[in-house]
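Worksheet: the structure to be examined is printed underneath.
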Amino acid sequence: MLTSSLAAPPALSEVPSVPSTSAATFSSPAQLRQLHAKLVKSGISFSAADLPRIAVVCGRSPSREDFQYARSIIVSGAGDGRREALVWNSSLNALAESDRPPDVLRLFSLFRAADIPPDKYTFSFVLKACTHIGSAAATMGRAVHGLVEKFGLRSELHLHNTLLLMYGSCGPMADALQLFEKMPTRDVISWNILIAQLAKKGEMAMAKRLFEAMPSRSVRSWTAMIAGYVHSGDPKTALHLFRNMQAEETSSSSSSPNEVTFVAAIAACADLGDLDLGRELHHLCRRRGFHSNVRLCNTLIDMYVKCGSLSEARKVFDEMPERTVVSWSAMICGMAMHGRAKEALELFSEMESEVCPNGVTFLGLLHACSHMGMVEEGRRYFAGMWRDYGVRPEMEHYGCMVDLLSRAGRLQEAAEFIAAMPVAPSGAVWGALLGGARLHGDVAAGELAMRELCRLEPSNDGYYIVLCNIYAGAGRWEEVARVRRMMKEEGVKKTPGRSRVAVAGMVHEFVAGDCGHPRAAEIQRRWEELSAELRRRGYVPDTSQVMLDVGEEEKERSLARHSEKMALSFGLMSTPPGTTIRIMKNLRVCGDCHAAFKLVSAVSGRKIVVRDRNRFHCFEGGSCSCGDYW
DNA sequence: TTAGGGTTAG
């Protein structure tokens with residue numbers, strides 16, 4: 001092959017008199033034709049090393065003529081049919097790996113029409129493209145399976161595994177399972193593919209059956225299961241399995257967790273808010289030398305953020321040898337969650353010189369502005385994301401803007417913003433308006449939002465409850481009763497509040513109103529004592545949001561049994577003085593608990609970190625990090 | 001020349 005020693009390809013007009021046929025000298029069929037003409041004039045032909053590039057360039061072209069033209073060069077240069085297939089196969093693979101897998105299918109039909117005999121590699125690459133395309137390629141995938149049979153390749157295990165993967169990503173899982181049943185031989189990869197596909201679809205019961213039945217497991221089998229449990233919202237089982245894997249590690253090195261396994265396990269800690277275990281796993285990662293893996297570090301940042309330790313998240317971020325847009329976005333979103341808006345915006349300025357932001361980065365920025373009432377800054381980011389960064393606003397961004405405006409009390413503007421949206425607003429967008437309406441006691445805005453929400457998300461209990469809160473706040477009890485009747489008619493039940501607190505490595509969960517904890521009486525007594533002290537300091541239980549048709553005393557009793565108060569009371573009596581108490585709640589923290597927690601932080605001298613559904617509240621010395629803007 | 005598990009948001 002004639003190679004150019006120049007680092008950059010010369011412009012065509014500068015092609016030297018003895019032209020280089022280096023692959024870098026053409027990138028379109030038109031340039032190829034020009035180069036070809038010059039070569040012919042000079043009596044030089046393409047070398048074998050040029051052929052794959054010719055195949056890729058012309059294989060990507062929508063023109064049939066380009067394919068035929070390339071084929072004529074390849075046929076004369078390849079020498080025989082097998083080598084010709086090899087050249088086209090590598091072109092198929094390159095296209096399957098690129099961002100244009102549909103080109104593979106088009107090239108494959110040309111391939112078939114030209115009678116180039118396909119082999120196992122051809123099918124493998126075409127199936128890979130189907131897998132990348134997903135369900136839209138299901139028919140094509142089935143047709144390719146038919147060809148595999150027709151060409152007598154049914155005994156190829158490798159190809160069968162690729163078919164399993166294709167059925168798992170394109171078609172109904174039943175097709176993949178049927179193929180698996182019929183396979184003459186299977187290896188650990190066949191089992192892993194099936195388990196991973198089931199796990200991705202959340203079918204963990206069946207994935208578990210296969211995992212238990214498989215003859216031998218590899219690290220990937222374990223990791224697929226652990227990641228599957230995390231994705232399907234069961235981090236406890238994920239960590240249980242991780243522990244089992246560690247126990248087996250001593251007897252077999254094939255099940256030693258690697259970086260990917262740690263990513264899944266640390267993500268489980270993030271979901272559970274289990275800081276102690278998260279730290280332990282981080283320590284293990286360091287010992288195993290996994291600390292420079294970007295994805296692992298990104299997961300660690302997220303874990304520390306979600307476990308309430310922003311400083312440790314920042315430390316991981318600062319020590320990363322390289323950072324991607326995900327690292328920056330995770331850190332910016334983390335700062336937003338913790339109400340550190342100014343730092344989030346500063347980090348964004350730093351980020352701009354290193355990587356391009358994406359949609360998630362802007363969600364973080366808009367959240368940051370929203371949590372701190374920075375309306376003008378938020379508007380600026382929203383206006384600039386498409387104009388200056390080419391990031392198209394999606395539904396979540398519109399939702400953030402409505403949240404920003406309505407939290408700041410600009411409910412009229414928020415409603416106008418929704419009306420001007422270029423796409424039909426989702427339930428979450430109206431939900432943001434509803435939330436703002438509650439905050440500002442705006443019955444009309446609340447009713448406007450709820451009219452849409454009844455249509456879009458009639459079974460979402462949270463929205464009915466917020467509307468009840470709005471009516472209750474306005475003293476409109478007959479409306480509260482009407483909404484509750486609506487809920488009954490629709491069969492909508494209120495999700496009970498749940499709070500978790502970790503004490504001595506054990507996570508304890510409390511459900512609102514439930515006195516099932518073994519130390520329930522003690523916990524209640526402790527809260528009553530504390531409550532008496534708080535009252536002496538001016539705390540008055542806010543019974544206005546209790547939507548029970550009962551007397552004041554009963555309302556106060558109901559408030560005292562809020563899950564976050566029980567978790568706090570238990571945390572206070574079970575940990576040494578001075579220990580930070582970390583609580584995680586499934587819903588938004590209630591207003592009465594928020595007021596009480598501020599006082600408790602002053603009375604007890606403790607730092608109390610609460611992660612609710614939306615953000616973090618860090619109570620210390622009588623105030624909250626949210627500045628009461630939440 | 002071919003196959004399997006992972007990150008921010010939700």
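Per chain, numbering begins at 1; letters A, B, ... match sequence-line order. Basis for what follows: all heavy atoms, side chains included, without hydrogens, waters or symmetry-related copies.
Annotation: Phe67(A) is not in aromatic contact with Phe111(A) [ring centroid separation under 6.0 Å not met]. The six-membered or imidazole ring of His240(A) lies away from that of Tyr229(A), with a centre-to-centre distance of 6.0 Å or more.
Residues forming a salt bridge (Lys or Arg N to Asp or Glu O under 4.0 Å) with Arg243(A) (at least two apart in sequence, or on another chain): Glu280(A).
Other residues, nucleotides and ligands place more than 12 heavy atoms under 6.0 Å from the CZ atom of Arg286(A). The neighbour count for Arg154(A) CZ, taken as heavy atoms of other residues, nucleotides or ligands under 6.0 Å away, does not exceed 12.
For DNA chain B, the outermost nucleotides in 5' to 3' order that have an atom under 4.0 Å from a heavy atom of chain A are dT1(B) to dG10(B).
Residue Ile193(A) is in sugar-phosphate contact alone, with no base atom involved, counting any heavy-atom pair closer than 4.0 Å across all strands shown. Backbone-only engagement by Asp302(A) is indicated by non-hydrogen atom pairs under 4.0 Å involving sugar-phosphate atoms exclusively. Residue contacts shown for Glu259(A) include a base, since a base heavy atom lies under 4.0 Å away. Ala196(A) comes within contact range of the sugar-phosphate backbone alone, with a heavy-atom separation under 4.0 Å but no base atom that close. Within the nucleic acid shown, His397(A) has no heavy atom closer than 4.0 Å to any nucleic acid atom.
The stretch residues 160-171 of chain A touches DNA chain B through Asn161(A), Thr162(A), Leu165(A), each having a heavy atom within less than 4.0 Å of the strand. Within residues 317-331 of chain A, the residues that have a heavy atom under 4.0 Å from DNA chain B are, in order of number, Val326(A), Ser329(A).
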Side-chain donor-acceptor pairs under 3.5 Å in residues 333-348 of chain A, sequence neighbours left out?
residue	atom	partner	partner atom	Å
His338(A)	NE2	Val305(A)	O	3.1
Arg340(A)	NE	Glu343(A)	OE1	2.8
Arg340(A)	NH2	Glu343(A)	OE2	3.3
Lys342(A)	NZ	Glu346(A)	OE2	3.3

Run the side-chain donor-acceptor check on residues 195-216 of chain A: report pairs under 3.5 Å with partners two or more places apart or on a different chain.
residue	atom	partner	partner atom	Å
Lys201(A)	NZ	Gly168(A)	O	2.4

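In this model, a donor atom of one side chain and an acceptor atom of the other lie less than 3.5 Å apart for Ser47(A) and Asp50(A).
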With side-chain hydrogen bond (donor to acceptor under 3.5 Å, both in side chains) as the test, would you mind laying out the steps for Asn586(A) and Thr495(A) before giving the verdict?
-> CA-CA 9 Å; Asn586(A) 63 335; Thr495(A) 308; over 6 Å; no
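Side-chain N or O atoms of Arg71(A) include one that pairs as donor or acceptor with a backbone N or O of Ala114(A) at under 3.5 Å.
Ring pair His367(A)/His371(A) is parallel by interplanar angle, where below 30° counts as parallel and above 60° as perpendicular.
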